[in-house]
Every structure is written in structure tokens, then in C-alpha cells.
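Taking it in order: structure first as C-alpha cells, then the write-up.
This structure is a prediction, so every number in the text was calculated from the model and none was measured.
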Number of protein chains: 2
Amino acid sequence: MAQKRGEIQLDQSSVFAIGLLLRRAHTRAVQAFGAKLAPLGIELKHFAVMGVLVADEPLSQRQIGERVDSDKVSVVRILDDLEAKGLALRTSSETDRRVKTIELTPEGRKVYRAAHRASRGVEATLLEDLRPADRDRFMVMLRRFAHPE
Amino acid sequence: MAQKRGEIQLDQSSVFAIGLLLRRAHTRAVQAFGAKLAPLGIELKHFAVMGVLVADEPLSQRQIGERVDSDKVSVVRILDDLEAKGLALRTSSETDRRVKTIELTPEGRKVYRAAHRASRGVEATLLEDLRPADRDRFMVMLRRFAHPE
DNA sequence: TATTGTTATACTCTATAACTATA
DNA sequence: TATAGTTATAGAGTATAACAATA
């Protein structure tokens, strides 16, 4: 039998439980999205960047980093990927030649829509073991937990 | 101004938001524990392994991995760290010479208690932006989310 | 001088496979 | 043949610093 992770729940009262639980929760989410996005040749991180572009195009790389909570080096590499696949385009800004203006290509928009369709049910699937009334509450709390004032 | 992460909240309705939120939540927890544990020379992963040993000593490395949700390679390295610091001890099992019997040293127990004291308030601090009535609920939901049946 | 994006470097985490020694 | 632990390797993720171009 192959050695896997995630078979056992730990002591509920352990002070460190919250750290392990959040790690496990995060990997669950990455895997769930990954499974849906893999056929499209992208990962969650690409999907997220494309998502902020769809919502708020065009953006500089710095702005993208702020929105997806990644440092600038990571953004460079995600955009390298997207550009190599023909999904996004970097052009130097006219007004400030240091900044790159990032836009999705038509193909990028197409792939984004497909990714959106493919992953539409992922959040619901991830939350399905919570009681229906708790699902929204969990997301609200998670949002507050992740971004406390 | 140094370039940092985590300054902006993202579109609440994005399908991929749950992935980003869980990532951010996890790093928040690791950093919060890390800050308290660093003076003791350990990290959250060491604390977690020591915690399962305190609760259920002795354990094999395989059993430790199951309890802290880590693969066997990671367990080897965590125990290398703990043994090098004199906090844990590996001995070959009498009944099955393949398995190592892991126990904390007296010094290990001492450091664990100090770590426990130091990080006692971390979970509370992490949860303090939730409403008091929501804090237990969030942990219950997170537990179910991380370990669905 | 400071900022945007880039490159290089390094350190951690994770996943895999190969190896040993036992069973 | 299978398992517990070890080692080696490679791929991500993350952090830092240095750099080029520009402000």
C-alpha cells in the first residue's frame, strides 16, 4: 500500500491543531481545483490571476500581486506561464515605462471561461460536508480569519 | 516601501477565492506559531510531533506521520531535528526491528511544556477577529472541512 | 533615490523512487 | 513479497538580494 497523507484526525484540543487543519484544508482545495483545471493546462494560481484580470483589466504586475496575495517574483513566473501559453499579454505602459500593462488575450478569456465552468462546483463540493446553513457562514468566517482588520 | 503580501482582500464571489483564503489563513497560523516558538528553537512542525508524542508515547514514525498528516520522509527529517537537539530519541523496536520506537527525552518534555505555554494564546489571537460565539463554530467547521468523511 | 519588473539564489515543502534491513 | 525507515532527487512555493530601466 502506498504511503499517503491525511488518513487520521488529530486530537481536537491540541493547541497546534489549527495549523495542521488549515494546511490540510488548503491542500484539499488546491487538489480539488487542480483536478478540474489540469485538462485545461492551468493550475489554481493561473486561474486566480486570470480571474482578477477578467474583473479588472488591465492591471500592472504589482497590482496583480496585491490581489492574489503573491509576491512580485511569483507574479513574474505566473505571467511567464500565461504568456507562453498565449493566454495573457505584457505591454509596456505608455505613461510609465517601468510598468507592464497586463491583459488577457481572446484565447485567455476563452480558457478562463472554460476554467470557470469546470470549477464552478468545486467550492460546493469542498463545503458539502458542512451543514447547508453553515456553508456561507464558514466562508464569511474564513474571509475574516484570512484578512483580519 | 518593501514589497509584501497580504494587503488586499479579493473579490468575495470569485470561485477561486476559497483556495487563496485558505492559503492566507494557513500562512497566518504558521507565522503566529512561528513567532512564539522561535525563541525555543523549534517550529510548528516540531511542536506538533512533540504534541502527539506527549499524548500517545511511544509511537513509530509511521504512526507519527498519520497523526500529524505528514509523509514518512518529512517525519524522518523532523525527527532528525528533534534528535539533534536532544528532544527525542529513536530506538529500534524489540518486537519488530524495522520500526523505530520514538520517545521524548526529559528535555523534550520540558521544551514541549514551554512551547505549550508560549503558544497557549495563539489560537485565541488568530480567532480574535471572529465574534466570540463564532470561534468554536469555526474550529468545528474547519475540522470537518479538513477531514470530511 | 525610489519603484517596476527581472534574474539569481537559497531554503522549505512535497512527491517519488530507490535503497536497507527486516518481516 | 511487503513494510519501516532512510537517502537522493526533483519540483513547487517562498524569501531575499541584486540588477536594469525608468521615474
Report, one line per pair, each donor and acceptor closer than 3.5 Å where one atom sits in a side chain of residues 80-90 of chain B; sequence neighbours left out.
residue, atom, partner, partner atom, Å
B/D80, OD1, B/R90, NH2, 2.3
B/D81, OD2, B/H46, NE2, 2.8
B/E83, OE1, B/R90, NE, 3.2
B/E83, OE1, B/R90, NH2, 3.4
B/E83, OE2, B/R90, N, 3.1
B/K85, NZ, B/G41, O, 3.3
B/R90, NH1, B/Q61, OE1, 3.0

Would you mind classifying the nucleic acid contact of B/S93 as base, sugar-phosphate or nothing, using non-hydrogen atoms under 4.0 angstrom?
nothing

Distance (rounded to the nearest 0.5 Å) between A/F33 CZ and B/L20 CG
8.5 Å

For a quick test of reading the model: is some side-chain N or O of A/Q63 closer than 4.0 Å to OP1 or OP2 of C/dT4?
no

Tell me, do A/H26 and B/R24 make a side-chain contact under 4.5 Å, heavy atoms counted?
no

Whole angstroms only, please: what is the CD-P distance between B/E43 and C/dC11?
14 Å

4.5 Å side-chain heavy-atom contact, A/L21 and B/R143:
yes

Check: B/R135 side chain, B/L130 main-chain N or O, donor-acceptor pair, under 3.5 Å
yes

Please tell me if B/R90 has a side-chain N or O lying less than 4.0 Å from either OP1 or OP2 of D/dT6.
yes

A/R62 side chain to A/K72 main-chain N or O, any donor-acceptor pair under 3.5 Å?
no

Mind checking if B/V99 touches a base, just sugar-phosphate, or nothing, with heavy atoms under 4.0 Å?
sugar-phosphate

What does the list of N/O pairs under 3.5 Å between the protein and nucleotides 19-21 of chain C look like, with a distance for each?
none

